[in-house]
Amino acid sequence: MGDIAPISPRITEVPQISSPMNVWAWMDSADNPFPEKPGVSGTCICGDGSDTWMALEMYSEGFKPENLHIHRYQVIVHEYFHVFQIALSGDRAEPIWLWEGGAQTMENLYSQQRYGESAFEYSLFPITATWVNDPSPLEGYEYTDADNNYQFSTFMTLALVKELQLQRQMSEVDALRLVLVDFQNAKFGEDNWKEVFAETFGMRPEEFYGTLNKYTITASPEEWYEGDVVDASPVMPSEDLRIEDIFVATP
């Protein structure tokens, strides 16, 4: 990822962001083995006001020979991409659905290309239909715990890419670059993300939200998940998409 999407040198201009940034990684089957960082846990880009770090408390079950899973790689890509976003945007994370949905999109594009599998294979199922009519609560972190693994946020991110392809006749790669790279870059030094959104994508957030009603909603076809779900299959990325092409001439 460092070769494909290098961190912008502007990260040194972002207040309270440490550069270089330490990475603390360990198995969740053990207590935090780093006495110099007591209390560090989870997977995140975290800070205490004077220092910033990446925490990777790795899910130990995913490392067992009988249960090896690509998530152990995906989580690294996800958190790396947040550092990429921080450097471009000046740590302006709003809207959270695009911040987290962008990182989730990136981790799945990476695993699709490098390991031949991703959540795109099953269209991100299950995507709860809760926010189809009003996704604005996902602009902040208050409701993201209810967004199972940021599935709806990822759906919104990909739906925005698809809308740009339809409305502006953009290629898939160009639309992904606009969403994942150019929008974040345009936020550096800008506090009103909605104005930047409108200028970058040619539509206001509310206009984009209105397009989500076009996607089919059905009762979950799987017994293990109850409730109405969104069919996101129309927005899934192409299987032959190369992430190197998205990050050509990254700022």
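None of the values given here were measured: they were computed from a predicted structure.
The line from CD of Gln85 to CG of Leu180 is 8.0 Å long, rounded to the nearest 0.5 Å. To the nearest 0.5 angstrom, Leu164 atom CG is 10.5 Å from Asp174 atom CG. Atom CG in Asp31 sits 10.5 Å away from atom CG in Asp28 (nearest 0.5 Å). Rounding to the nearest 0.5 angstrom, the gap separating the CG atom in Leu56 from the SG atom in Cys44 is 8.5 Å. Note: Glu190 CD to Asn185 CG = 11.0 Å, rounded to the nearest 0.5 Å. The distance from the CZ atom of Phe201 to the CD atom of Glu199 is 11.5 Å, given to the nearest 0.5 Å.
Side-chain atoms of Glu121 come within 3.5 Å of backbone N or O of Ser118 as a donor-acceptor pair. The backbone N or O of Glu61 sits nowhere less than 3.5 Å from a side-chain atom of Arg72 that would complete a donor-acceptor pair. In terms of modelled atom types and a separation under 3.5 Å, the side chain of Asn32 and the main chain of Lys37 share a donor-acceptor contact. Proximity of a side-chain donor or acceptor of Thr211 to a complementary backbone N or O of Phe208 within less than 3.5 Å is detected. The backbone N or O of Leu241 sits nowhere less than 3.5 Å from a side-chain atom of Ser238 that would complete a donor-acceptor pair. Although no hydrogens or angles enter the test, the distance criterion places no donor-acceptor pair under 3.5 Å between the side chain of Lys187 and the main chain of Asn192. Using a distance-only test at 3.5 Å, with no hydrogens or angles considered, no donor-acceptor pair links the side chain of Arg10 to the main chain of Gly90. Side-chain atoms of Ser111 come within 3.5 Å of backbone N or O of Glu117 as a donor-acceptor pair. The backbone N or O of Gln151 lies less than 3.5 Å from no partner atom in the side chain of Asn149, so there is not a single donor-acceptor pair. Side-chain N or O atoms of Gln112 include none that pairs as donor or acceptor with a backbone N or O of Phe120 at under 3.5 Å.
Between Gln113 and Ile243, the closest heavy-atom pair is OE1-N, 2.8 Å. For Phe247 against Ala5, the heavy-atom pair with the smallest separation is CD2-CB, 3.7 Å. Taking each heavy atom of Pro35 and Pro33 in turn, the nearest pair found is CD-O, 3.1 Å. In terms of heavy-atom proximity, Thr157 sits nearest to Gly102 at OG1-N, 3.7 Å. In this structure, Phe152 and Val132 approach most closely via the heavy-atom pair CZ-N, 3.7 Å. Summarising the geometry of Leu88 relative to Val181, their closest heavy-atom pair is CD1-O, 3.6 Å, with the distance given to 0.1 Å.
Using a 4.5 Å cut-off on side-chain heavy atoms (C-beta onward), Pro135 and Trp97 make no contact. Taking 4.5 Å as the limit, every side-chain heavy atom of Val14 sits out of range of all side-chain heavy atoms of Arg92. Looking at Val235 and Phe155, their side chains come closer than 4.5 Å, going by heavy atoms from C-beta outward. Proximity of Val77 to Asn108: side-chain heavy atoms (C-beta onward) are nowhere separated by under 4.5 Å. Annotation: side chain of Asp147 is in contact with side chain of Trp131 (closest heavy-atom distance under 4.5 Å). Looking at Leu158 and Thr105, their side chains come closer than 4.5 Å, going by heavy atoms from C-beta outward. Between Val229 and Thr128, the closest side-chain pair of non-hydrogen atoms is not below 4.5 Å. Between Pro205 and Trp193 there is a side-chain heavy-atom pair separated by less than 4.5 Å.
Environment of CG in Asn213: crowded, with over 12 heavy atoms of neighbouring residues, nucleotides or ligands closer than 6.0 Å. Crowding of Glu244 atom CD: a count of heavy atoms from other residues, nucleotides or ligands under 6.0 Å exceeding 12.
Under the 4.5 Å side-chain heavy-atom criterion for grouping Ile, Leu, Val, Met, Phe, Trp and Tyr, Leu212 is connected to Ile217 within one hydrophobic cluster. There is no path of hydrophobic side-chain contacts, each under 4.5 Å, that joins Tyr122 to Met156. Residue Val75 is grouped with residue Tyr73 when hydrophobic side chains (ILVMFWY) are merged at heavy-atom distances under 4.5 angstrom, including chains of intermediate members.
Applying the 4.5 Å side-chain rule to ILVMFWY residues, one finds Trp26, Phe34, Val40, Trp53 in the same cluster as Trp24. Summarising the hydrophobic clusters (Ile, Leu, Val, Met, Phe, Trp, Tyr; side-chain heavy atoms under 4.5 Å, direct or chained), the residues clustered with Leu166 are none.
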What's the verdict on side-chain contact (heavy atoms from CB on, under 4.5 Å) for Trp99 and Gln184, showing C-alpha distance, side-chain angles and the deciding distance?
CA-CA 9 Å; Trp99 188 263; Gln184 301 300 341; 3.6 Å; yes

Using side-chain contact (heavy atoms from CB on, under 4.5 Å), reason through Ile246 and Leu109 one step at a time and then give a plain yes or no.
CA-CA 11 Å; Ile246 299 171; Leu109 287 173; 4.0 Å; yes

Quick one: do Glu107 and Ile76 satisfy side-chain contact (heavy atoms from CB on, under 4.5 Å)? Show the steps, please.
CA-CA 8 Å; Glu107 71 170 71; Ile76 300 172; over 6 Å; no

Please determine whether salt bridge (Lys or Arg N to Asp or Glu O under 4.0 Å) holds for the pair Arg177 and Asp182, giving the CA-CA distance in whole Å, both sets of side-chain angles, and the decisive distance to 0.1 Å.
CA-CA 6 Å; Arg177 186 183 305 117; Asp182 296 345; 6.0 Å; no

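No hydrogens or angles considered: nothing links the side chains of Gln104 and Gln74 as a donor-acceptor pair under 3.5 Å.
Among pairs with a residue in residues 148-166, those fulfilling salt bridge (Lys or Arg N to Asp or Glu O under 4.0 Å) read Glu163-Lys214, at least two apart in sequence or across chains. Listed by first and then second residue, the ring pair (Phe, Tyr, Trp, His ring centres under 6.0 Å) pairs involving residues 225-245 amount to none (not counting sequence neighbours).
Among residues two or more places apart in sequence or in another chain, the side chain to side chain contact (heavy atoms under 4.5 Å, CB included) test is passed with Glu222 by Phe125, Ser220, Trp224. Remark: Phe188 pairs with no residue by the ring-ring contact (aromatic ring centres under 6.0 Å, His included) rule, at least two apart or across chains. Applying the ring-ring contact (aromatic ring centres under 6.0 Å, His included) criterion to Tyr141, with sequence neighbours excluded, gives no partner residue. For Ile45, the side chain to side chain contact (heavy atoms under 4.5 Å, CB included) test picks out Met21, Thr52, Met54, Glu79, His82, Val83, Ile86, with sequence neighbours left out. Judged as a ring-ring contact (aromatic ring centres under 6.0 Å, His included), and not counting sequence neighbours, Tyr143 has no contacts. Annotation: side-chain hydrogen bond (donor to acceptor under 3.5 Å, both in side chains) contacts of Asp91 (sequence neighbours excluded): none. By the side chain to side chain contact (heavy atoms under 4.5 Å, CB included) test, Arg204 pairs with Lys194, Glu195, Ala198, Glu206, Glu207, sequence neighbours left out. Residues meeting the side chain to side chain contact (heavy atoms under 4.5 Å, CB included) test with Ser29, sequence neighbours left out: Met27, Ser60.
Ring planes of His78 and Tyr150: parallel class, angle under 30° (limits at 30 and 60°).
Annotation: Tyr80 is not in aromatic contact with Tyr110 [ring centroid separation under 6.0 Å not met].
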